[in-house]
Amino acid sequence: ATLIADLVTADRRVICFAPGRQLVELVLRGARDELTRRAPALAERIEPYRAGYPPEVRRAIEYIHANLGRDLTLMDMAGAVSLSPFHFSRVFKQSTGISPYQFVLRQRIQRAKELLMSGAETIADVALRVGFCDQSHFTAQFKRACGVTPRQFADRMISSPSAAPSSASSPPAGGLV
């Protein structure tokens, strides 16, 4: 049987025809996307518990969050969930749509944004705390992901705390986050 899903997003109306499970996945995906658009930090914390992720991937995401400040290798992540690095990498990418490395990078950038918004630490301290080996590598990755340097992001937060996150959280075309 075919169900009709009438989804209303931002300012456009989308009508989809999808059977059972596909409909549920479509609605969940739409809700996740809307949540990600409105509250990226919250969505990243909710994401591991989305229905459909295998238990190994959920455990890996929890391991990544718990060890974000450390040097996370593919071998470490795979070992944490008792899979070979090859199999872990394949399962992780099939489930999340991105490689484990890209996921770790996105999580580090997100945590760095949170720390920069607090204003309590220097950029070098933030870089080390989120797992980058030095400030220059952190700055390059942050700019690639967010379109601004960490200093520019922090300055925008100080000058306009309510406007900065939305403008700095949208990456340029082809960005990582």
Side-chain angles (χ1 to χ4, degrees), residues 16 18-116 121 123-150 153 168-177:
C16 301
R21 183 180 169 101
Q22 290 176 343
L23 173 63
V24 171
E25 289 175 0
L26 179 67
V27 171
L28 286 174
R29 200 172 318 133
R32 182 195 67 214
D33 293 346
E34 185 66 16
L35 227 150
T36 302
R37 187 180 69 74
R38 291 185 184 198
L42 178 60
E44 291 296 333
R45 289 191 182 111
I46 291 171
E47 188 64 20
Y49 306 101
R50 182 175 76 90
Y53 277 177
E56 297 87 358
V57 173
R58 286 195 303 267
R59 285 196 324 265
I61 291 172
E62 290 168 4
Y63 175 81
I64 290 167
H65 282 234
N67 296 286
L68 205 53
R70 291 188 34 225
D71 181 29
L72 289 170
T73 66
L74 186 60
M75 191 77 95
D76 293 335
M77 292 182 276
V81 296
S82 303
L83 294 174
S84 72
F86 173 79
H87 187 65
F88 167 71
S89 184
R90 190 179 61 183
V91 168
F92 193 93
K93 185 163 185 171
Q94 284 175 344
S95 299
T96 64
I98 58 175
S99 70
Y101 172 76
Q102 289 298 317
F103 185 85
V104 168
L105 189 59
R106 288 181 184 191
Q107 298 307 302
R108 285 181 171 160
I109 296 297
Q110 186 60 42
R111 174 97 37 101
K113 285 180 183 179
E114 293 168 5
L115 293 171
L116 289 169
E121 298 182 53
I123 292 173
D125 290 338
V126 169
L128 294 175
R129 197 156 160 212
V130 298
F132 288 95
C133 58
D134 60 51
Q135 183 178 343
S136 66
H137 183 234
F138 167 62
T139 299
Q141 292 299 325
F142 192 95
K143 185 169 184 175
R144 182 179 295 153
C146 302
V148 295
T149 66
F153 180 84
S169 64
S170 321
L176 297 174
V177 178

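Scanning for side-chain hydrogen bond (donor to acceptor under 3.5 Å, both in side chains) contacts around T149 gives Q152, with sequence neighbours left out. For D76, the salt bridge (charged side-chain N to carboxylate O under 4.0 Å, His left out) test picks out R70, with sequence neighbours left out.
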Compile the donor-acceptor pairs under 3.5 Å between side chains in residues 127-140 and protein atoms, sequence neighbours left out, one pair per line.
from, atom 1, to, atom 2, distance (Å)
R129, NH1, E121, OE2, 2.2
D134, OD1, S136, N, 3.2
D134, OD1, S136, OG, 2.9
D134, OD1, H137, N, 2.7
T139, OG1, Q135, O, 2.9

Considering only distance and modelled atom types, tabulate donor-acceptor pairs under 3.5 Å from the side chains of residues 77-92, sequence neighbours left out.
from, atom 1, to, atom 2, distance (Å)
S84, OG, H87, N, 3.1
H87, ND1, R90, NH2, 2.8

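Residue I64 holds its CD1 atom at 9.5 Å from CZ of R108, rounded to the nearest 0.5 Å. Put simply, CG on L105 and CZ on R144 are 8.5 Å apart, with the number rounded to the nearest 0.5 Å. In this structure, CD1 in I61 is found 11.5 Å from CD in E56, a value given to the nearest 0.5 Å.
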Item to check | Derivation and outcome, side-chain contact (heavy atoms from CB on, under 4.5 Å), residues F142 and L116 | outcome: CA-CA 12 Å; F142 192 95; L116 289 169; 3.9 Å; yes
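Contacts classified as salt bridge (Lys or Arg N to Asp or Glu O under 4.0 Å) and involving residues 92-104 (residues at least two apart or in different chains) are not found.
Partner of I109 under the side-chain contact (heavy atoms from CB on, under 4.5 Å) criterion, chosen from R106, K113, R111: K113.
Contact of the Y53 side chain with the T96 side chain is registered, since non-hydrogen atoms from C-beta on lie closer than 4.5 Å.
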